[in-house]
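For reference, the structure is listed below as structure tokens.
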Amino acid sequence: MLFLISIFLLTAVLVVPVFRRLQLGSVLGYIAAGMLIGPWGLGLIPEAQGTLHFAEIGVVLLLFLVGLELEPSRLWALRRLVCGLGGAQVLLCGLALAASAYVLGLARGPAIVVGFGLAMSSTAIVLAWLGERAQLGEAAGRQTFAILLFQDLAVIPLIALLPLLSPDTGDAGIGWVPAAKGIAAIAAVVIGSRLLIRPALKLVARYGGREIFTAAALLVVIGAALIVDAIGLSMSLGAFLAGVLLADSEFRHELEADVEPFKGMLMGLFFMAVGMSANLMLLEAKLLAVLGAALGILAVKLICIYTIARIERIRNHDAQRIAVWLAQGGEFAFVVFTAALGDGILSAETTQFLVLAVTVSMLLAPFMFVAHERLLRSWLERRRMPEFDAIDGPGNPVIIAGYGRYGQIVSRVLRMAGIPFTAIELDYQQVDFVRTYGNKVYYGDASRLELLESARARDAKLFVLAIDDVEASLKTAALVRKHFPNLPILARARNRVHLYRLRDLDIDAIERETFLSSLETARAALEVAGMEASQAQRAVDIFRKHDLKLVEQQYAVRQDEQQLIQSAAQAAVQLQELFEADVKAIAREKRSSERRPDGRGRL
């Protein structure tokens with residue numbers, strides 16, 4: 001066993017960094033490593049199924065961690081996406097693929113099983129890819145996750161219907177037994193998480209050590225997975241439910257920290273097992289047929305998912321991403337086809353061919369992800385409107401350059417106060433997006449002199465520089481300062497370095513974009529920690545004045561790193577002294593008020 005483990009570790013260490021260096025992602029690196037050492041590669045690992053079954057725990061842990069990020073209230077908020085977008089995806093893709101299978105010669109029952117089995121996508125590959133690039137929190141990532149969650153749920157009725165499609169349908173009611181068991185298993189996970197797991201974790205946290213709590217965390221995940229696996233459903237669904245139900249518990253962050261290392265290793269092992277299970281001999285014998293089937297799966301799902309996304313009014317590039325991310329076959333197809341083989345719906349030859357086609361589509365998925373991202377990025381960079389919007393009219397007193405999250409807030413306040421403004425944004429997709437909500441914004445580059453002249457910048461009273469990109473912000477600021485020297489500029493800075501560079505352009509009215517909101521959060525944190533509201537406000541005011549003074553001091557020595565470091569250290573000491581002096585002053589004021597004999601204090 002140690003020899004086999006060393007093979008897995010050595011191959012991963014050698015192959016995965018190469019793929020990441022080539023910007024192909026670690027998922028594809030693990031799959032390639034598995035193909036290299038598998039039974040149809042170098043043959044260092046003679047059998048793949050055992051590894052695949054064991055490594056599925058990695059997918060289970062992944063879904064548990066995803067569940068921990070979704071409190072029940074947030075999951076309920078996703079219900080429209082899950083049921084609407086996810087349901088439409090499974091239904092349309094399933095029917096389209098079933099029709100294709102029927103046209104290619106399968107009978108009606110087997111075609112339905114094949115269609116809906118192929119409609120499922122690879123949860124492991126997609127979530128690993130999105131997590132690696134921090135895209136789960138984006139709109140397209142959330143929509144993709146909602147579809148994957150519905151696919152997990154759809155496995156229950158799909159497996160329940162298999163006996164009804166069997167050639168031997170003597171007992172038509174038997175197909176609903178798995179569904180009833182599935183509901184019972186889900187109920188057991190929900191009740192157990194609420195009534196048993198939390199009290200048990202409290203006892204372990206109180207009387208056990210760190211390693212025992214880690215063992216308890218793994219037991220929670222594997223136990224929930226085994227409950228649903230015992231009745232033939234997805235282990236990852238049980239783990240996901242357990243994660244959701246523990247998402248609002250006091251143990252959420254500790255559970256996440258304990259499970260994360262195991263998840264990473266086992267997910268890598270899972271992808272290696274997928275690569276090992278690719279039957280390269282059968283692929284060689286039926287290369288064109290398998291490739292044709294895999295490409296057909298990808299093409300049908302791409303078209304269907306993109307169509308659904310556009311009907312749901314998802315932005316074009318996000319719809320493309322969702323379609324590409326979900327086009328491949330998934331692990332659930334293996335489960336569905338194996339169960340259909342056992343029920344006599346599919347033949348052994350058809351099942352083996354379909355499993356290989358799904359595997360090839362999973363192998364192609366990371367290549368598709370990388371290729372599409374590069375093409376999309378290139379397309380977005382090169383695509384431009386034929387010409388910038390024409391800005392007509394007498395002009396407005398305020399010009400806002402940059403209409404992202406920062407500029408929009410400024411514009412809403414101005415609109416509320418009845419002050420007209422001209423908003424300019426370079427990102428045409430952002431322009432299209434905000435226009436759907438009725439906002440007036442011009443597409444154009446604020447660093448172009450002719451555009452600012454058409455916006456009547458010479459007659460304006462204020463120029464609000466709210467551009468997110470630092471270099472574009474500086475370029476625009478330099479242009480305005482050169483050609484419209486009398487036009488006041490209010491600038492947004494992403495950080496201190498950006499602020500210093502704007503100051504070099506003689507711009508004094510600058511706000512760091514997160515400074516004030518961070519101070520407000522700090523004030524609230526002091527109050528929650530037990531400090532009186534007035535004292536918390538005084539502490540924040542002290543910090544604000546001190547930090548603004550520090551910015552001025554550091555601006556003078558910004559080119560000298562050693563002096564910057566020294567000034568930062570001195571400022572930290574001075575700030576502490578100021579706070580301690582203020583605390584003493586407050587104490588003196590309280591004692592003084594308590595001695596007043598005028599009725600406002602005690603004698």
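Only a predicted model underlies this, so the values are computations on that prediction, with no experimental measurement involved.
At least one donor-acceptor pair closer than 3.5 Å links the side chain of Gln151 to the backbone N or O of Ser121. Formation of a donor-acceptor pair under 3.5 Å by the Arg310 side chain with backbone atoms of Ile314 is found in this model. Of the possible polar contacts, none joining the Lys301 side chain to the Ala323 backbone as a donor-acceptor pair under 3.5 Å is found. Formation of a donor-acceptor pair under 3.5 Å by the Thr11 side chain with backbone atoms of Ala33 is not found in this model.
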I would like to know whether Leu354 and Leu346 meet side-chain contact (heavy atoms from CB on, under 4.5 Å); could you show each step before the answer? CA-CA 10 Å; Leu354 289 171; Leu346 297 176; 4.2 Å; yes
Test side-chain contact (heavy atoms from CB on, under 4.5 Å) on Ile297 and Val360; report intermediate values, then the result. CA-CA 10 Å; Ile297 294 169; Val360 171; over 6 Å; no
Given the rule in the side-chain contact (heavy atoms from CB on, under 4.5 Å) test, do Val370 and Trp129 qualify, once you have shown the distances and angles that lead to the verdict? CA-CA 10 Å; Val370 173; Trp129 176 269; 3.5 Å; yes
Assess whether side-chain contact (heavy atoms from CB on, under 4.5 Å) is satisfied between Gln328 and Phe369, documenting all intermediate values. CA-CA 11 Å; Gln328 80 291 135; Phe369 297 165; 3.8 Å; yes
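The line from CG of Leu364 to OG1 of Thr359 is 11.0 Å long, rounded to the nearest 0.5 Å. A distance of 5.5 Å separates CG of Leu118 from CG of Leu97, quoted to the nearest 0.5 Å. Atom CD1 of Ile7 sits about 9.5 Å away from atom CE of Met272, to the nearest 0.5 Å. Annotation: the span from Thr144 atom OG1 to Ile322 atom CD1 amounts to 4.5 Å, rounded to 0.5 Å. Atom CG of Asn316 sits about 10.5 Å away from atom CZ of Arg321, to the nearest 0.5 Å. Separation of atoms CG (Leu10) and CD1 (Ile5) is listed at 13.5 Å; rounding is to 0.5 Å.
Here the closest heavy-atom approach between residue Ala294 and residue Ala357 is recorded as CB-O, 3.6 Å. Counting all heavy atoms, side chain and backbone alike, Phe353 lies closest to Ala289 at CZ-O, 3.6 Å. In terms of heavy-atom proximity, Val114 sits nearest to Ala101 at CG1-CB, 4.2 Å. For the pair Ala472 and Asp469, the tightest heavy-atom approach, listed with the atom from each and the gap, is N-OD2, 2.9 Å. Of all non-hydrogen atoms in Tyr443 and Leu426, the two that sit nearest each other are CE1-O, 3.0 Å. The shortest heavy-atom contact between Trp325 and Gly141 is CZ3-N, 4.1 Å.
Asp468 has its side chain out of reach of Tyr406: every pair of non-hydrogen atoms, C-beta onward, lies at least 4.5 Å apart. The closest side-chain heavy-atom distance from Ile37 to Phe8 is below 4.5 Å. Arg448 is not listed as a side-chain neighbour of Ile424, based on a closest heavy-atom distance of 4.5 Å or more.
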